[in-house]
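Below you'll find the structure, written out as structure tokens, and then a few comments.
Along the sequence shown, residues carry numbers from 1.
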Amino acid sequence: PGNGILSHQTSPLTIAEYASSVWQQLDEQLAGQAFYLLGLSMGGMLAMEMAKQRPEQIKHLFVLNSSAANLSPWYQRFNGLNALSAWLKRCRGSGLNPIESTIVRLTSYRHRRDIALIERWSRYRHESTPFFSNACRQLWAAFRYRCPASLTVPVSILSGDRDALVNIQTSRALAQQFKVELVVLAYCGHDITIDAPAKLAHYLFEIICSPEQDAGEQFADSADLLNE
């Protein structure tokens, strides 16, 4: 709620409410079918909450560059100085929305000056601009989020080693919380899906094609993921 085609709705103030809303939308499409779930940043918080609410429908949970208030201090969860620097150093030009340009600069290591990407994201914002009040409510929900003590689904925690927004220590804390090994991808910023789509796809492929693999083991070779 509060984003995309639901931008007219008021965003909730808790991650649990977001999770319930997403489950309601998925029920209309999946009818109880189990699936793999991946979440990035605040989406990682949402994914953890969804797995807590309905573990029987999650085959495997992937959490990318996320955090939790009960595991990490606020200054590790949001780097305000880097956010300000991204605003000042953002790409400028006709058709480049300043907010989207700042977001790309802050969240991507490899594509922070990618004009085509910024232009595309700027068009998305023009098509559906979230209300400022909803953005504040979403940030508040993320700021307050506390992850569960444990989950009954297989979990993988991944982090980019060049994340300028969220400190890698927050992912280490999550990995420790769920007793799994942290997978670190080299030369990746906050948005791993942009900076290392092939590496991420390789890791997901290894797990999806090995459903009987023990959840406590490392599914992919970390060295292979870290090498270019």
ask   = In Å and rounded to the nearest 0.5 Å, what is the OG1 to CZ distance from Thr10 to Phe131?
value = 8.5 Å

query = Which residue pairs satisfy the salt bridge (Lys or Arg N to Asp or Glu O under 4.0 Å) criterion with at least one member in residues 39-52, sequence neighbours excluded?
reply = none

task = Using a 4.5 Å cut-off on heavy atoms from C-beta on, say whether the side chain of Leu158 contacts that of Tyr203.
result = yes

message = Between Leu6 and Gln25, is there a side-chain heavy-atom distance shorter than 4.5 Å?
response = yes

ask   = What heavy-atom pair brings Gly2 and Ser11 nearest, and what distance separates the two atoms?
value = CA-OG, 3.4 Å

ask   = When rounded to the nearest 0.5 angstrom, what is the spacing between OG1 in Thr107 and CG in Leu40?
value = 8.5 Å

inquiry  = With a 6.0 Å cut-off on the ring centroids, do Trp140 and Tyr18 count as close?
reply    = no

Chi angles and distances behind the side-chain hydrogen bond (donor to acceptor under 3.5 Å, both in side chains) call for Asn65, Ser41 = CA-CA 5 Å; Asn65 285 331; Ser41 194; over 6 Å; no

inquiry  = With side chain to side chain contact (heavy atoms under 4.5 Å, CB included) as the criterion, how do Arg120 and Arg123 come out once you've worked through the C-alpha distance, each side chain's angles and the decisive distance to 0.1 Å?
reply    = CA-CA 5 Å; Arg120 185 163 68 250; Arg123 289 195 297 270; 3.7 Å; yes

task = Say whether, by atom type as modelled, one donor and one acceptor occur between the side chain of Asp195 and the main chain of Arg110 under 3.5 angstrom.
result = yes

message = Is there a path of hydrophobic side-chain contacts, each under 4.5 Å between heavy atoms, that joins Ile168 and Met48?
response = yes

ask   = Between Arg90 (side chain) and Trp87 (backbone), is there a donor-acceptor pair under 3.5 Å?
value = yes

remark   = All heavy atoms of Ala51 vs all of Val153, minimum pair found to be CB-CG2, 4.0 Å

key: Axial cation check for Tyr75 ring with Arg77, 6.0 Å and 45° limits   = no

query = Above 12 or not: heavy atoms from other molecules or residues under 6.0 Å from CD of Gln176?
reply = no

task = Please check if Trp74 and Leu13 belong to a single hydrophobic cluster, counting links between Ile, Leu, Val, Met, Phe, Trp and Tyr side chain heavy atoms closer than 4.5 Å.
result = yes

ask   = Do Leu174 and Met42 belong to the same hydrophobic cluster, where Ile, Leu, Val, Met, Phe, Trp and Tyr are linked whenever their side-chain heavy atoms lie under 4.5 Å apart, directly or via other members?
value = yes

inquiry  = Would you say the ring centers of Tyr124 and His126 fall short of 6.0 Å from each other?
reply    = no

request  = For the pair Ser108 and His190, evaluate side-chain hydrogen bond (donor to acceptor under 3.5 Å, both in side chains) and give the outcome as yes or no after the intermediate values.
outcome  = CA-CA 6 Å; Ser108 176; His190 187 67; over 6 Å; no

task = Would you name the heavy atoms of Pro1 and Gln138 that are closest together and state the gap between them?
result = O-NE2, 4.0 Å

key: Euclidean distance, Asp163 CG relative to Leu106 CG, rounded to 0.5 Å   = 8.0 Å

key: Ser128 (side chain) donor-acceptor with Arg125 (main chain) under 3.5 angstrom   = no

query = Do the non-hydrogen side-chain atoms of Phe62 and His60 ever get within less than 4.5 Å of each other?
reply = yes

inquiry  = Tell me if a side-chain donor or acceptor on Asp161 pairs with a main-chain N or O of Tyr187 at a distance below 3.5 Å.
reply    = yes

ask   = Out of curiosity, Trp23 CH2 to Leu46 CG, how far, rounded to the nearest 0.5 Å?
value = 10.0 Å

ask   = Considering all heavy atoms of both residues, which atom of His111 and which atom of Val104 are nearest to each other, and what is their separation?
value = O-CG1, 3.3 Å

message = With a 4.5 Å cut-off on side-chain heavy atoms, are Leu26 and Met50 touching?
response = yes

inquiry  = Can you see whether Gln24 engages Ser21 through a side-chain donor-acceptor pair at a distance of less than 3.5 angstrom?
reply    = no

request  = Would you check if Arg105 and Cys91 make a side-chain contact, meaning some heavy-atom pair closer than 4.5 Å?
outcome  = no

Gap between atom CG of Asn134 and atom NE2 of His8 - 0.5 Å precision = 10.5 Å

query = Is Ser122 reaching over with its side chain to a backbone N or O of Leu96, donor-acceptor style, under 3.5 angstrom?
reply = no

task = Could I get the full list of salt bridge (Lys or Arg N to Asp or Glu O under 4.0 Å) partners for Arg146, not counting sequence neighbours?
result = none

inquiry  = Measuring only between side-chain heavy atoms, which start at C-beta, is Leu185 closer than 4.5 Å to Val183?
reply    = yes

inquiry  = Run Arg172 and Ser159 through side chain to side chain contact (heavy atoms under 4.5 Å, CB included) and show every step you take.
reply    = CA-CA 9 Å; Arg172 296 191 194 281; Ser159 179; over 6 Å; no

message = Grouping I, L, V, M, F, W and Y whenever their side-chain heavy atoms are under 4.5 Å apart, do Ile194 and Ile103 come out in a common cluster?
response = yes

ask   = Are Asn82 and Leu165 close enough that some pair of their side-chain heavy atoms sits under 4.5 Å apart?
value = no

note = Gln177 and Leu71 have their tightest heavy-atom pair at OE1-CD2, 3.5 Å

ask   = Applying the 4.5 Å side-chain criterion to the ILVMFWY set and letting contacts propagate, would Ile58 and Val22 be lumped into a single cluster?
value = yes

inquiry  = Using a 6.0 Å cut-off, check whether atom CG of Leu81 has over 12 heavy atoms from anything other than its own residue.
reply    = no

task = Evaluate the side-chain proximity of Leu204 to Tyr36: yes if any heavy-atom separation is below 4.5 Å, no if none is.
result = no

Side chain Ser101, main chain Asn97, donor-acceptor under 3.5 Å = no

remark   = Closest non-hydrogen atoms of Gly189 and Ile192, given as atom of the first, atom of the second and distance, are O-CG1, 3.9 Å

inquiry  = To the nearest 0.5 Å, what is the distance between CG on Asn79 and CG on Asn167?
reply    = 8.0 Å

inquiry  = Using only atom types and a distance under 3.5 Å, with no angle test, would you say the side chain of Asn70 pairs donor to acceptor with the backbone of Cys147?
reply    = yes

message = Under a 3.5 Å distance rule, please check whether Thr170 uses its side chain to pair with a backbone N or O of Val166 as donor and acceptor.
response = no

